[in-house]
S.K.: 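Please find one structure pasted underneath; my questions will follow.
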Amino acid sequence: QVQLVETGGGLVQAGGPLRLSCAASGRTFRIYTMGWFRQPAGKEREFVATISLTGGSTAYADSVQGRFTISRDNAKNTVYLQMNSLKPEDTAIYYCAARRPLATSSSRDEYEYWGQGTQVTVSS
């Protein structure tokens, strides 16, 4: 199994930056495609960003393109989500997820392992 723990969430004012981290343990981290998803209160979980095994390929939801950056450090078994120019509509619980590699993936149903999530709240 793979265990995932998200950290870095909190309260930030609109326009500000925030960086989320996801620490992995268990099976070899570098053999998994990683993704970030988020779930606003009362809404369904949605795709945010994904990154391939070595970090060579990334993909983003249209709503965060140009503002968020996903990266990974396989030596530290950690994936990151750098969020800039935050908007109140970015408020949600953010989840880290892992799946067997097929480059990048935006489908939540394809991910096998999930963290518990970390709350991000953006104030206006």
Side-chain angles (χ1 to χ4, degrees):
Q1 291 187 323
V2 173
Q3 293 80 46
L4 304 172
V5 179
E6 304 95 336
T7 57
L11 177 65
V12 62
Q13 71 178 54
L18 197 66
R19 189 175 80 160
L20 305 182
S21 298
C22 174
S25 62
R27 296 182 179 178
T28 305
F29 173 73
R30 67 176 183 269
I31 69 173
Y32 292 95
T33 291
M34 302 297 297
W36 284 98
F37 293 77
R38 67 186 183 186
Q39 187 166 11
K43 298 182 179 180
E44 294 186 3
R45 185 174 54 193
E46 65 183 22
F47 166 73
V48 175
T50 182
I51 188 167
S52 61
L53 276 65
T54 61
S57 297
T58 59
Y60 300 89
D62 289 343
S63 60
V64 306
Q65 182 73 48
R67 299 188 298 120
F68 291 9
T69 302
I70 187 171
S71 62
R72 66 192 296 165
D73 186 339
N74 288 342
K76 295 182 178 180
N77 288 348
T78 303
V79 63
Y80 305 94
L81 185 67
Q82 178 66 50
M83 304 182 292
N84 297 324
S85 302
L86 283 164
K87 305 174 182 179
E89 49 263 46
D90 293 319
T91 296
I93 299 175
Y94 283 72
Y95 296 92
C96 177
R99 61 154 292 165
R100 292 293 186 91
L102 277 177
T104 58
S105 176
S106 62
S107 177
R108 71 182 189 186
D109 294 332
E110 296 177 353
Y111 286 80
E112 184 176 4
Y113 304 104
W114 294 85
Q116 293 297 309
T118 185
Q119 177 69 47
V120 172
T121 302
V122 184
S123 64
S124 59

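Residue indices begin at 1 and follow the sequence shown.
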S.K.: Do L20 and Q82 have side-chain heavy atoms sitting under 4.5 Å apart?
M.R.: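 No, their side chains stay 4.5 Å or more apart.
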S.K.: Inspect the surroundings of CD in E89 and state if more than 12 heavy atoms from other residues, nucleotides or ligands are less than 6.0 Å away.
M.R.: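 Count over threshold, so yes.
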S.K.: Take M34 and L4 through the side-chain contact (heavy atoms from CB on, under 4.5 Å) test and state the conclusion after the steps.
M.R.: CA-CA 11 Å; M34 302 297 297; L4 304 172; 4.1 Å; yes
S.K.: Is it true that a side-chain atom of N74 and a backbone atom of L53 form a donor plus acceptor pair closer than 3.5 Å?
M.R.: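 Yes; at least one donor-acceptor contact below 3.5 Å.
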S.K.: Less than 4.5 Å apart, any side-chain heavy atom of T7 and any of T118?
M.R.: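 With C-beta onward as the side chain, the pair stays apart.
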S.K.: What about W114 and I31, same hydrophobic cluster or not, with Ile/Leu/Val/Met/Phe/Trp/Tyr joined at side-chain heavy-atom distances under 4.5 Å?
M.R.: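 Different clusters.
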S.K.: Kindly indicate, with the supporting measurements, whether the criterion side-chain contact (heavy atoms from CB on, under 4.5 Å) is fulfilled by V12 and M83.
M.R.: CA-CA 11 Å; V12 62; M83 304 182 292; over 6 Å; no
S.K.: I want to check something: taking the side chain as every heavy atom from C-beta on, are Q119 and T121 in contact at a cut-off of under 4.5 Å?
M.R.: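 They are in contact (side-chain heavy atoms under 4.5 Å apart), so the answer is yes.
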S.K.: Using modelled atom types only, decide if a donor and an acceptor are shared between the side chain of R108 and the backbone of R45 within a distance under 3.5 Å.
M.R.: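 Confirmed, R108 side chain pairs with R45 backbone.
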S.K.: Is it possible for you to say whether V48 and V79 belong to one hydrophobic cluster, with membership spreading through side-chain heavy-atom contacts below 4.5 Å?
M.R.: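 Yes; tracing contacts between hydrophobic side chains, which count when under 4.5 Å, links both residues.
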S.K.: Could you state the interatomic distance from OH (Y113) to CZ (R100), rounded to the nearest 0.5 Å?
M.R.: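 One gets 6.5 Å once the value is rounded to the nearest 0.5 Å.
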S.K.: Compare all side-chain heavy atoms of T33 with those of I51 and state whether any distance is below 4.5 angstrom.
M.R.: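 Heavy-atom side-chain distance check fails, nothing below 4.5 Å.
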S.K.: Check whether E6 reaches the backbone of Q116 with its side chain - one donor and one acceptor, N or O, closer than 3.5 Å.
M.R.: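 It does hold such a pair.
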S.K.: Of all the heavy-atom pairs spanning A23 and T78, show the shortest one and how long it is.
M.R.: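 Minimum heavy-atom separation between A23 and T78: CA-OG1, 4.2 Å.
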S.K.: For the backbone of S52 and the side chain of T104, can you confirm whether one donor and one acceptor N or O come within less than 3.5 Å of each other?
M.R.: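 Pair absent, no side-chain N/O of T104 close to backbone of S52.
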S.K.: Roughly how far, to the nearest 0.5 Å, is SG of C22 from CG of N77?
M.R.: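 Here the interatomic distance stands at 10.0 Å.
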S.K.: Do R67 and D90 come within less than 4.5 Å of each other through their side chains, counting heavy atoms only?
M.R.: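 Result yes, sub-4.5 Å side-chain heavy-atom pair found.
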S.K.: Please examine the side chains of S123 and L11, heavy atoms only from C-beta on, and report whether any two atoms are closer than 4.5 Å.
M.R.: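 The answer is yes; the side chains approach within 4.5 Å.
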S.K.: For the atom pair CG (L18) and CG (L81), what is the distance rounded to the nearest 0.5 Å?
M.R.: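 With rounding to 0.5 Å, CG (L18) is 9.0 Å from CG (L81).
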S.K.: Do R38 and S63 make a side-chain contact, defined as non-hydrogen atoms from C-beta onward lying under 4.5 Å apart?
M.R.: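 Yes, side chains in contact.
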S.K.: Would you mind reporting whether V2 and Y32 have side-chain heavy atoms less than 4.5 Å apart?
M.R.: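 In contact.
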S.K.: Would you kindly confirm whether Y60 and Y95 end up in one hydrophobic cluster when ILVMFWY residues are joined by side chain heavy atoms under 4.5 Å apart?
M.R.: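 No, no single cluster joins them.
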S.K.: Classify the angle between the aromatic ring planes of Y94 and F68 as parallel (below 30°), tilted (30 to 60°) or perpendicular (above 60°).
M.R.: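 Rings of Y94 and F68: tilted, 30 to 60°.
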S.K.: Applying side chain to side chain donor-acceptor pair (under 3.5 Å) as the test, list every pair that has at least one member in residues 11-22; sequence neighbours left out.
M.R.: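 Of all non-adjacent pairs touching residues 11-22, none passes side chain to side chain donor-acceptor pair (under 3.5 Å).
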S.K.: Is the ring centre of F37 less than 6.0 Å from the ring centre of Y111?
M.R.: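 Yes: the rings meet the under 6.0 Å criterion.
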S.K.: Starting from I70, can I reach V64 by hopping between I/L/V/M/F/W/Y residues whose side chains sit under 4.5 Å apart?
M.R.: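 Same hydrophobic cluster.
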S.K.: Locate the shortest heavy-atom distance separating P40 from A92; write the atom from each residue and the value.
M.R.: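 P40 and A92 have their closest heavy atoms at N-CB, 3.6 Å.
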S.K.: Taking the basic N atoms (NZ, or NE/NH1/NH2) and the acidic carboxylate oxygens, is any pair closer than 4.0 Å for R99 and E112?
M.R.: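 Salt bridge flag = no for E112 with R99.
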